[in-house]
Amino acid sequence: MNAAPTTHSASLVRAGTATPQIAILGAGAAGLCMAIQLKKAGINSFTIYEKAGSVAGTWRDNTYPGSGCDVPSHLYSFSFEPKHDWSRKFARQPEIEAYFQHCAEKYGLLPHIRFNTEIAEAAFDEEEALWRIRMTDGEEVSAALFISGAGQLNQPFTPHLEGIENFNGAAFHSARWNHDIDLTGEKVAVVGSGASAIQFVPEIAPKVEHLTLFQRTPNWVVPKADRPYTRLEKALFKRFPALAKLHRYMIYLTLERNFLAFLKDSFFGKLFEKAARKEIESHIEDPELRKKLTPDFPAGCKRILLSNDWFPAMARPNVSVETAGIDHVEDGALIGKDGKAHAADVIIYGTGFKATDFLCPMEIKGLGGRSLNEAWREGAEAYRGVAVSGFPNFFMMYGPNTNLGHNSIIFMIECQVNYIMQCVQALIGKDLAYVDVKPDAMSAFNTQLQEDIKKSVWASGCTSWYKTESGKITNNWSSFTMKYWWQMRRADLAHFVQAVKRRRKTPNLQAAD
Ligand code: NAP
């Protein structure tokens, strides 16, 4: 294991005491942010366990054509690491991946990362106040704190299509794009029409012979105010960092306002619908196709999508939209529920992620061997998205009810890291064995959250990855991000059980791997 040297920060660690060993899961945006703040606080005794061979998480995985972020890059970046020369307002995947690689290198995180190392299970050993962590290859390590940066969108969901085993062509998920397949002149079937599909379909449509889009539900798609930054703008951002900061704040406030669209019967929501309908009308002439592409649920219920080329792609003569559903697959064709056969050489799944599974399939066991999957049987929930009662010294970033439909998830991650850092500081400063959020604090938080979320459009009936099959909204934050920031600015340790260390010869917060 990569045992990083321990340095001591005067503000955190008393002379002579060792900092606790910290295991971070994942080297995506959240894991990197956590690690950077630990380093800044003088805590170097952490290791990041990353299942893949490089950093950047979702921005490493989603390499499909047209992959990019629908949150402007000046905001979709760490507040402490501005990048003045973003090439365009909404950067594409290679630039975003490069940004996170840059962060990992600049802050000296690479020696802390164990690549190609996937955590399979973690169990809390109360006696020793340690997390015993086992990797998929059987290796075991232990750490005083276990912090997950796994997020909500890391496990691709591929539906099982009846008869798929008879299909001899290539079939892959958008988050595992097969770049060896040349789609030129091929007949392509795309399953799904969500945030990923609306980015890659317009990119591949011009080169394929025919693209059949199997759409289950249309989405509200509004224009994307994207453009390259000019050389002058980039130079000004570099010369006057305050200007870049102001630009970031303006983006933040504009996006923050968009939360109003998520309230039931919202006027703002209607504005989005109007903008989307206008797009459909200006690009799609066929009334039947217009109907197929127009949602029958309020805007915001599912993620509002941004694109300037989705409807033009849908209007192409070599693109058809099928809404009857897929009955089964045969070699060389997908058969619709209406009995129609659709020839296909390649199937691409744009079917999203197992978003409500959260940390599954990992097995995480807290006090008394209680399983997190069991605790979350009725749907995941946490205290402020970061802690779960009965799972001491375990924290999450981008955990339950911290997803957004309107603003930057990086902002939320920074709020969470700030909060977790305060817990880590308390643990070290008070020389505690562990902190564990109290059940009543967690329950009060979630009762209020679920009450607030009832006022949102997500609760208005449509299905989305924001909720479980039973309808519990487990993914989204219920309000403005400012409210989250306010709640997360100070960790109230009174809401945590603070277990004192048992006096023993070997301090139980020592690294033991
Ligand atoms: P998604 O938005 O959840 O879309 C999945 C699509 O697959 C939906 O159209 C869904 O239909 C369809 N689908 C799922 N199961 C199906 C089945 N069994 N049969 C037929 N169709 C099925 O997934 P995604 O496009 O990968 O995006 C997921 C999330 O990733 C986004 O909401 C966003 O948060 C993030 N993302 C962000 C960006 C960005 O620019 N920041 C880009 C891409 C993705 P239904 O709607 O009927 O369920």
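Atoms within each ligand, like the ligands themselves, are counted from 1 in listed order. What you see below is based on every heavy atom in this structure, not just the backbone, and it leaves out hydrogens, waters and symmetry mates.
For atom 14 (C) of ligand 1, the nearest protein heavy atom (residue, atom name, distance) is Arg216 NH2, 3.6 Å. The protein non-hydrogen atom at the shortest distance from atom 5 (C) of ligand 1 is Gly350 O, 3.3 Å. Among protein heavy atoms, the minimum distance from atom 3 (O) of ligand 1 is reached at Trp465 CD1, 3.3 Å. Looking only at protein heavy atoms, the nearest one to atom 4 (O) of ligand 1 is Gly194 CA, 3.4 Å. In terms of protein heavy-atom proximity, atom 25 (O) of ligand 1 is nearest to Ser196 N, 2.6 Å.
Which parts of ligand 1 touch Cys69 is read off a 4.0 Å heavy-atom cut-off, strictly below it: atoms 39 (C), 40 (O), 41 (N). Proximity to Gly68 (heavy-atom distance under 4.0 Å) selects the following atoms of ligand 1: 39 (C), 40 (O), 42 (C). Listed by number with element, the atoms of ligand 1 under 4.0 angstrom from any heavy atom of Gly352 are 5 (C), 23 (O), 24 (P), 26 (O). Residue Pro159 has at least one heavy-atom neighbour below 4.0 Å for each of these atoms of ligand 1: 17 (C), 18 (N). Close contacts between ligand 1 and Thr217 involve ligand atoms 45 (P), 46 (O), 47 (O) [criterion: under 4.0 Å to a heavy atom]. Below 4.0 Å from some heavy atom of Tyr64 lie the following atoms of ligand 1, by number and element: 42 (C), 43 (C). Below 4.0 Å from some heavy atom of Gly192 lie the following atoms of ligand 1, by number and element: 6 (C), 7 (O), 9 (O), 12 (C).
Note on Lys207 versus Glu186: no salt bridge recorded, every NZ/NE/NH1/NH2 to OD/OE distance being 4.0 Å or above. The residues Arg88 and Asp226 are annotated as salt-bridged, a charged nitrogen and a carboxylate oxygen being separated by less than 4.0 angstrom. Ion pairing of Arg216 with Glu322 is absent here, as no side-chain N (NZ or NE/NH1/NH2) approaches a carboxylate O to less than 4.0 Å. Ion pairing between Lys483 and Asp452 holds under the 4.0 Å rule for side-chain N and carboxylate O. Salt bridge present: Arg227 and Glu233 bring a charged side-chain N and a carboxylate O closer than 4.0 Å. The pair Asp309-Lys224 does not count as a salt bridge, with every side-chain nitrogen at least 4.0 angstrom from each carboxylate oxygen. Here Arg377 pairs with Glu374 in a salt bridge; the nearest charged N to carboxylate O distance falls below 4.0 Å. A salt bridge does not link Arg290 with Glu281: every distance from a Lys NZ or Arg NE/NH1/NH2 to an Asp or Glu carboxylate oxygen is 4.0 Å or more.
Centroid-to-centroid, the aromatic rings of Tyr229 and Trp86 stay 6.0 Å apart or farther.
Residue contacts with ligand 1 do not include Gln215, since none of its heavy atoms lies under 4.0 Å from the ligand. Using a 4.0 Å cutoff on heavy atoms, Val191 counts as a contact of ligand 1. Taking a 4.0 Å cut-off on heavy atoms, Tyr466 fails to register as neighbouring ligand 1. Ligand 1 does not have Phe214 within reach: every non-hydrogen atom of the residue lies 4.0 Å or more from it. Put simply, no part of Phe90 is less than 4.0 Å from ligand 1, judged by heavy atoms.
Taking distance alone, with nitrogen or oxygen atoms compared against 3.5 Å, Asn219 stays at or beyond that limit from ligand 1. Residue Asp70 has at least one nitrogen or oxygen atom sitting less than 3.5 Å from a nitrogen or oxygen atom of ligand 1, judged on distance alone. Geometrically, ligand 1 and Lys302 share a nitrogen or oxygen pair separated by less than 3.5 Å. Considering both main-chain and side-chain atoms, Phe157 never comes within under 3.5 Å of ligand 1 through any nitrogen or oxygen pair. Inclusion of Ser193 in the set of residues having an N or O under 3.5 Å from an N or O of ligand 1 is warranted. By the 3.5 Å distance cut-off applied to N or O atoms, Thr463 is not counted among the residues near ligand 1. Inclusion of Leu153 in the set of residues having an N or O under 3.5 Å from an N or O of ligand 1 is not warranted.
One finds the CE atom of Met362 at 9.0 Å from the CG atom of Asn373 (value rounded to the nearest 0.5 Å).
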inquiry  = Determine whether His342 and Ile335 satisfy the following criterion, side-chain contact (heavy atoms from CB on, under 4.5 Å), listing intermediate values before the conclusion.
reply    = CA-CA 6 Å; His342 305 278; Ile335 314 299; over 6 Å; no

request  = Take Gln199 and Tyr64 through the test side chain to side chain donor-acceptor pair (under 3.5 Å) and record every step on the way to the result.
outcome  = CA-CA 8 Å; Gln199 293 187 335; Tyr64 58 76; 2.5 Å; yes

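Heavy atoms of Phe297 found under 4.0 angstrom from ligand 1: none, in either backbone or side chain. Heavy atoms from both the backbone and the side chain of Ala195 come within less than 4.0 Å of ligand 1.
For Phe272, there are no ring pair (Phe, Tyr, Trp, His ring centres under 6.0 Å) partners at least two apart in sequence or on another chain.
The nearest pair of heavy atoms linking Asp331 to Gly169 is OD1-N, 4.4 Å.
If you run side-chain contact (heavy atoms from CB on, under 4.5 Å) between Phe445 and each of Glu381, Gln450, Gln487, only Gln487 comes through.
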